[in-house]
Amino acid sequence: MAGIPPLRNIRKTTVLVLLVFFAFFVHRFIDIWIEDHAVADVAETELSPAQSVICRNVVRGTPFGVDSVFDVNTRLYFYSTISNVKQFSKDTLKHIWFWGTDTIQVLPCESKTESSQADVGVCHTEISPKLLKPGEWSVDLVVGRKLLSSRQFMIDSTGR
């Protein structure tokens, strides 16, 4: 044992540095472990729209007449499909219709689950032709204060 120095010769600074270094690694392992579990939980509960479109009609649960420019006297629908919809109540999903920066109407999105996929919900709202004015429009799908989807479109008064 001639080659190993006695422990009483190790300086206090060296012990402190080793202790801090060890604590850092323990902290990193715990942080990574907690983060992995948090990411897995968020991925399971994340609400993400699969499709959002502006259309002229909804026929048998499918959007019909999808476009980005419409005439003034047209009834329009905002059609959305949302995955993992069962975790939210009907009141939290909303479609907000904007004309430029003015809010024209806020409607709750009543989702209906598709029979083939129990976790996918479909919802649509409509706007009356009386409320449509020429110009730039947009519709947002929101949950609380989180924006899930937004679509922009134009209302043309010239009849194209």
Side-chain angles (χ1 to χ4, degrees), residues 1-55 57-69 76-127 135-154:
M1 292 226 296
I4 299 174
L7 290 178
R8 65 184 161 189
N9 291 342
I10 295 179
R11 304 210 175 219
K12 292 177 187 174
T13 308
T14 306
V15 172
L16 183 64
V17 168
L18 287 174
L19 184 64
V20 169
F21 187 69
F22 179 71
F24 171 74
F25 275 115
V26 169
H27 170 265
R28 290 302 299 152
F29 285 128
I30 292 172
D31 190 44
I32 289 170
W33 182 74
I34 289 173
E35 185 176 308
D36 285 345
H37 287 299
V39 168
D41 292 343
V42 168
E44 290 175 6
T45 61
E46 187 65 27
L47 182 71
S48 60
Q51 177 186 21
S52 293
V53 294
I54 305 293
C55 58
N57 204 348
V58 176
V59 179
R60 294 187 198 130
T62 305
F64 179 76
V66 176
D67 204 348
S68 61
V69 179
L76 295 179
Y77 296 84
F78 184 56
Y79 178 91
S80 305
T81 58
I82 303 116
S83 60
N84 296 335
V85 74
K86 288 189 175 189
Q87 66 185 345
F88 295 97
S89 65
K90 293 179 182 180
D91 300 349
T92 59
L93 289 167
K94 294 181 182 166
H95 284 166
I96 305 173
W97 294 76
F98 295 98
W99 176 54
T101 57
D102 298 334
T103 303
I104 301 301
Q105 68 181 6
V106 178
L107 299 172
C109 183
E110 296 180 17
S111 60
K112 299 172 183 90
T113 56
E114 293 182 352
S115 59
S116 62
Q117 298 172 338
D119 232 12
V120 175
V122 174
C123 68
H124 55 84
T125 57
E126 63 183 84
I127 188 167
E136 295 182 16
W137 284 76
S138 67
V139 186
D140 294 345
L141 170 63
V142 296
V143 173
R145 296 185 61 144
K146 181 179 178 185
L147 176 65
L148 297 178
S149 179
S150 182
R151 292 287 177 232
Q152 291 79 32
F153 61 99
M154 292 282 298

Stepwise side chain to side chain contact (heavy atoms under 4.5 Å, CB included) check, Leu141 with Ile82 = CA-CA 10 Å; Leu141 170 63; Ile82 303 116; 3.9 Å; yes
Partner set under ring pair (Phe, Tyr, Trp, His ring centres under 6.0 Å) for Phe25, not counting sequence neighbours =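 Expected list: Phe21.
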With Phe22, which residues qualify under ring pair (Phe, Tyr, Trp, His ring centres under 6.0 Å), at least two apart?
->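 Listed in chain order: nothing, the list is empty.
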If you take all heavy atoms of [X] and [Y], which pair is closest and at what distance?
{"X": "Ser52", "Y": "Phe78", "value": "CB-CZ, 3.8 Å"}
{"X": "Ser149", "Y": "Leu147", "value": "O-CD1, 3.3 Å"}
{"X": "Phe153", "Y": "Val139", "value": "CE2-CG2, 3.7 Å"}

State, with a plain yes or no, whether a side-chain heavy atom of His95 is found less than 4.5 Å away from one of Cys123.
->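 Heavy-atom side-chain distance check passes, below 4.5 Å.
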Note, Ile127 side chain near Trp137 side chain (heavy atom, < 4.5 Å) |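 Yes, close enough: below the 4.5 Å cut-off.
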Set of side-chain contact (heavy atoms from CB on, under 4.5 Å) partners for Thr103, sequence neighbours left out =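 Per chain and number, Thr103 pairs via side-chain contact (heavy atoms from CB on, under 4.5 Å) with Ile96, Phe98, Val106.
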Pairwise distance CG(Asn57) to NE2(His124) - rounded to 0.5 angstrom =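 Here the interatomic distance stands at 9.0 Å.
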OG on Ser138 to CZ on Arg151, rounded to 0.5 Å |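 Taking CZ in Arg151 and OG in Ser138, the distance rounds to 11.5 Å.
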Contacts of Arg28 that satisfy salt bridge (charged side-chain N to carboxylate O under 4.0 Å, His left out) - sequence neighbours left out |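 Testing Arg28 for salt bridge (charged side-chain N to carboxylate O under 4.0 Å, His left out), a comparison that skips the adjacent residues, returns Asp31.
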Test side chain to side chain contact (heavy atoms under 4.5 Å, CB included) on Val122 and Tyr79 and set out the steps.
-> CA-CA 7 Å; Val122 174; Tyr79 178 91; 3.4 Å; yes
Under 3.5 Å, side chain of Gln105 to main-chain N/O of Glu126, donor-acceptor pair present?
->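 A pair under 3.5 Å: yes.
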Residues that Ser150 engages under side chain to side chain donor-acceptor pair (under 3.5 Å), provided they are two or more places apart =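 Side chain to side chain donor-acceptor pair (under 3.5 Å) check on Ser150 returns Asp140, Gln152.
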Under the side chain to side chain donor-acceptor pair (under 3.5 Å) test, residues paired with Trp99 that sit two or more places apart =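 Here no residue qualifies.
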Trp97 and Thr125: CA distance, side-chain angles, deciding distance, side chain to side chain contact (heavy atoms under 4.5 Å, CB included) verdict = CA-CA 10 Å; Trp97 294 76; Thr125 57; 3.3 Å; yes
